[in-house]
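Notes follow once the structure below has been shown.
Predicted, not measured: the structure shown is a model, and the values here were computed from it. Every number for a ligand or one of its atoms is a count from 1 in the order of the listing.
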Amino acid sequence: MWFFTSPKIAFGEDSLEQLSSIEGKRVLIITDLIVSKLGLLEVVTSELKKQPRAVEVFDQVEAEPSFENVEKVAAALLRFQPDLIVALGGGSCIDAAKGAWVLYERPDLKLDAVSPLTKLDLRRKARLVAIPTTAGTGSDATWVAVLTDKSQNMKLDYFASRELVPDYSILNPKFLLKLPRQATAHTGLDAIDQGIEAYVSQWRNDFADSLALRSIQILFEYLPKAYDNPDDMVARQKTQNAATMSGLAFGNSQVGLAHATGHALGAIFHMAHGLAVGISNPYVIQFSSRDAAQLYRDIAYVIGIKEESAKAATGMLVESIKSLMVHLRVPLSLREAGISQDAFKQNLETLIEQTNRSTCTFVNPRVPDPEEVRKLFACMYEGRPVDF
Ligand SMILES: [Fe+2]
């Protein structure tokens, strides 16, 4: 049995006003030091305080949050006892808030014991509002939190539950205006890949498909505009909406192999998530096209490639993604991204092992064996097309 899950989504330049009407007497805002220096906290706090309530801030979320960091956030929740949690920031802040929310409501659970099969009984203590400050991860709309297990130097991607879908997502394009160009590029490529992988996933379905295709179409049009002109409010709003749409798409379908390789690259080389996934994407499309070329043709069609042959359309889709990456000044290979040959060789076995263990790998349209993963990484490193 399938459910389509979604937060209530407020969007547009006045969307923050939604915050003042959300019930909650004690509010903890969970964010990081970067966001807290941008002046966004003050705006969020003053909106919340239009109702009489206590508001506190925890601003110590780390990039790519570890279990230890999530436990710190949970300690702040247990101390303050909020009935409303506001996650303000990029995917790291929202994911850390999701993880900590579970520990706050269920102190009896350990983070690595949570999976989609765990009954969590959330919302006995608090509800969750997500306010993204990037247009990328879609975590404000999904059931998953990507957390890093430092003991294994690995990103876990099975920390997921339908209960973890935030109650509200508030998409205010003004919050994106200070997002640096490089982060705009990386997070935007992540969102494009989420749309693509949701659409070709073995778990694809009619509800997720429509959001996936439209999110890709919007991002191809507006991501270069947001990159070229960071103050373009229309482009910011469009990319923000599309990122959340891609989150809804993969949150109700699944991401695939480019996320599996991306998570492994992120854990081992500490590459930004969007960069790691963005570099992986064209190679994974080439690899998966043997089994999903018709689906890639649909995607190519919505970005203006009217090509009858599915194989040719897939090839043109890959070229369009690469052209976009060049426009966004994003490297096209791991070598170009600055990873040395030695570092790559030293870590290759771990990259392969983590990719094979990822839940994202199993729902990819073509599931690779370990030898194929090795060859795929070699192509990604050298910038060679995948021809096997
Ligand atoms: Fe992603």
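- Within Asp190, the N, O or S atom at minimum distance from the Fe ion (ligand 1) carries the name OD1.
- Remark: Glu372 does not engage Lys375 in a salt bridge, criterion side-chain N to carboxylate O under 4.0 Å.
- An angle of 100° is found at the Fe ion (ligand 1) between His273 atom NE2 and His259 atom NE2, rounded to 10°.
- In this structure, Phe4 and Phe207 have tilted ring planes: the angle between them lies in the 30° to 60° band.
- Under a 3.5 Å cut-off, the side chain of Glu13 and the backbone N or O of Lys174 do not form any donor-acceptor pair.
- Residue side and main chain included, Thr137 places no N/O/S atom under 2.8 Å of the Fe ion (ligand 1).
- Under a 4.0 Å N-O distance rule, the pair Arg297/Glu308 does not qualify as a salt bridge.
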